[in-house]
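We count residues from 1, following the sequence as given. Atoms within a ligand are numbered from 1 in the order they appear, just like the ligands themselves.
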Amino acid sequence: MSDGGHPVIPVVRYAERIARAAQLTAGARLDACLIGVGADLRYLTGYQAMPLERLTMLVVPARGPAVLIAPRLEVSSARACPAVAGGFLEVVTWDETLDAVALLVERLGAALGLAATGIRRVAVSDRTWATFLLRLQAALPAAAFEVASTITRQQRMAKDADEVALLRLAAAAADRVIGQISHGRLIGRSEAEVSREVRERLVTEGHELAEFAIVGSGPNSASPHHEASGRLIEAGEPVVLDIGGTLDGYTSDTTRTIWVGGGDPALGPDPEFQRLFGVLHEAQAAAVAAVRPGMPCQDLDATARGIITAGGYGPQFFHRLGHGIGLEAHEDPYLVAGNREPLQAGYAFSVEPGIYLEGRYGARLEDIVVCGPVGPLVLNRSPLDLQVVDGR
Ligand code: ZN
Ligand code: ZN
Ligand code: ZN
């Protein structure tokens, strides 16, 4: 669905998601799924609640209607979220002097037709603060608690067409920023200055928020999560740009490694870097090409790792191949040795091998890929081969 070409999640989708969560909750023989502030709540209701010491929680009972518990002073923003505004979800507010947890337990008990002591199994969203969990545990003394990601991950991993459209939009915006930075001045500017420019451009190009803007030049390119520093970028060295933000909640995350040539052929990439980059490029392409439903996550990692190891850089690729992406920059599934989970159509994730020669330089290439019905759907479009940029 779209308004003027901009994809939006249709309101009715939230009702479907809550209903599905209830179904999964009942199917898992849980009494309820309790969803605190965070990406799970946003996924199920569209509500981007503020993380506060006051309790906000979506209560999804195994039977009976779901309710959103919210503090009185947050009620107008809670009512504005799609699930509530669409008439699919009731908001129950609590006043400042009231016990919100007691209210929650009362509503849950009523939905289930059980006393608090009759509630035996409850799932709580993974990011729920201990302060709430401990109070819930005290109020539900007979209940065993577990993480709700067993429910929500099944829903969130497989993106629907509207979510893919938003991820694609975010990826395209990040691609434009990569292009702009690659064609701009780099030599003599600090990493931090370029990083600030990246953040501004991410917002200019349509993100509501710039989440990260890694700029690693020269030896700093060998540190995968390098924070932009005061180091001045020089001609004759690589720069790793790993940038991303959120667009309507959906995250972009792309990495390109460029070589700053300063317009001088003598300052082009040396043979070792060319070799390293060639191996990396081949590994990234092979892993992307291997994407298809049924492919175990760890096999994608092994595909890229095999090529990098054969190229002699095995120990220099020391992180997993990638991570799921959606409402969070890092979410399930993780492409890592040991994860045998098979890919399914709609799964969205990064494919981002890197090779890092400590103290010298490194490179990483990262695209966001969606597993399509038969093969990969690559969301990023910026060139993956080594771009030697002028930088002056
Ligand atoms: Zn990362
Ligand atoms: Zn990244
Ligand atoms: Zn990433």
Side-chain angles (χ1 to χ4, degrees), residues 39 156-157 159 163-164 166-179 181-182 191 194-195 197-199 201-202 205 207 209-217 220-228 238-247 249-258 277 280-281 283-285 287-288 291 297-298 300-301 303-305 308 317-337 339 343 347-356 362-371 376-384 387:
R156 284 178 51 195
M157 278 195 297
K159 272 68 183 177
E163 292 182 284
V164 172
L166 286 168
L167 284 170
R168 188 188 292 280
L169 210 64
D175 280 344
R176 290 194 294 276
V177 177
I178 292 281
I181 296 294
S182 301
E191 294 172 350
V194 175
S195 177
E197 183 185 339
V198 167
R199 288 176 182 274
R201 288 188 182 276
L202 283 169
E205 292 299 334
H207 293 85
L209 214 65
E211 297 272 9
F212 50 92
I214 295 174
V215 178
S217 65
N220 292 340
S221 60
S223 166
H225 275 175
H226 173 69
E227 283 293 321
V239 176
V240 171
L241 302 166
D242 185 352
I243 70 172
T246 55
L247 194 154
Y250 282 81
T251 313
S252 63
D253 182 6
T254 183
T255 307
R256 288 296 182 267
T257 303
I258 56 178
F277 195 95
L280 179 71
H281 189 182
Q284 206 272 346
V288 169
V291 170
C297 288
Q298 66 173 5
L300 276 194
D301 180 277
T303 300
R305 206 166 297 279
I308 291 174
F317 172 28
F318 46 74
H319 56 68
R320 66 187 175 214
L321 180 67
H323 52 81
I325 189 165
L327 287 170
E328 289 176 290
H330 288 186
E331 59 181 48
D332 286 317
Y334 293 97
L335 308 182
V336 63
N339 186 2
L343 293 179
Y347 282 19
F349 44 86
S350 71
V351 175
E352 50 176 312
I355 300 174
Y356 313 98
R364 181 168 64 260
L365 291 170
E366 175 179 26
D367 272 344
I368 301 306
V369 179
V370 175
C371 180
L377 216 75
V378 183
L379 301 190
N380 293 98
R381 290 275 161 238
S382 355
L384 282 154
Q387 304 290 303

List the steps, then state whether salt bridge (Lys or Arg N to Asp or Glu O under 4.0 Å) holds for R156 with E328.
-> CA-CA 10 Å; R156 284 178 51 195; E328 289 176 290; 2.8 Å; yes

Does any N, O or S atom in H330 come within less than 2.8 Å of the Zn ion (ligand 3)?
-> no

Could you pull out the atom name of the N/O/S atom in D242 that is nearest the Zn ion (ligand 2)?
-> OD1

Here the pair of heavy atoms bringing V239 nearest to S217 is CG2-CB, 4.0 Å

Apex the Zn ion (ligand 3); atoms D253 OD2 and E366 OE2; angle rounded to 10 degrees = 90°

Can you measure from CG (L280) to CD1 (I355) and round to the nearest 0.5 angstrom?
-> 5.0 Å

Rounded to the nearest 0.5 angstrom, the CG-NE2 distance for D332 and H323 is 12.0 Å

Do any of the N, O or S atoms of E352 sit under 2.8 Å from the Zn ion (ligand 2)?
-> no

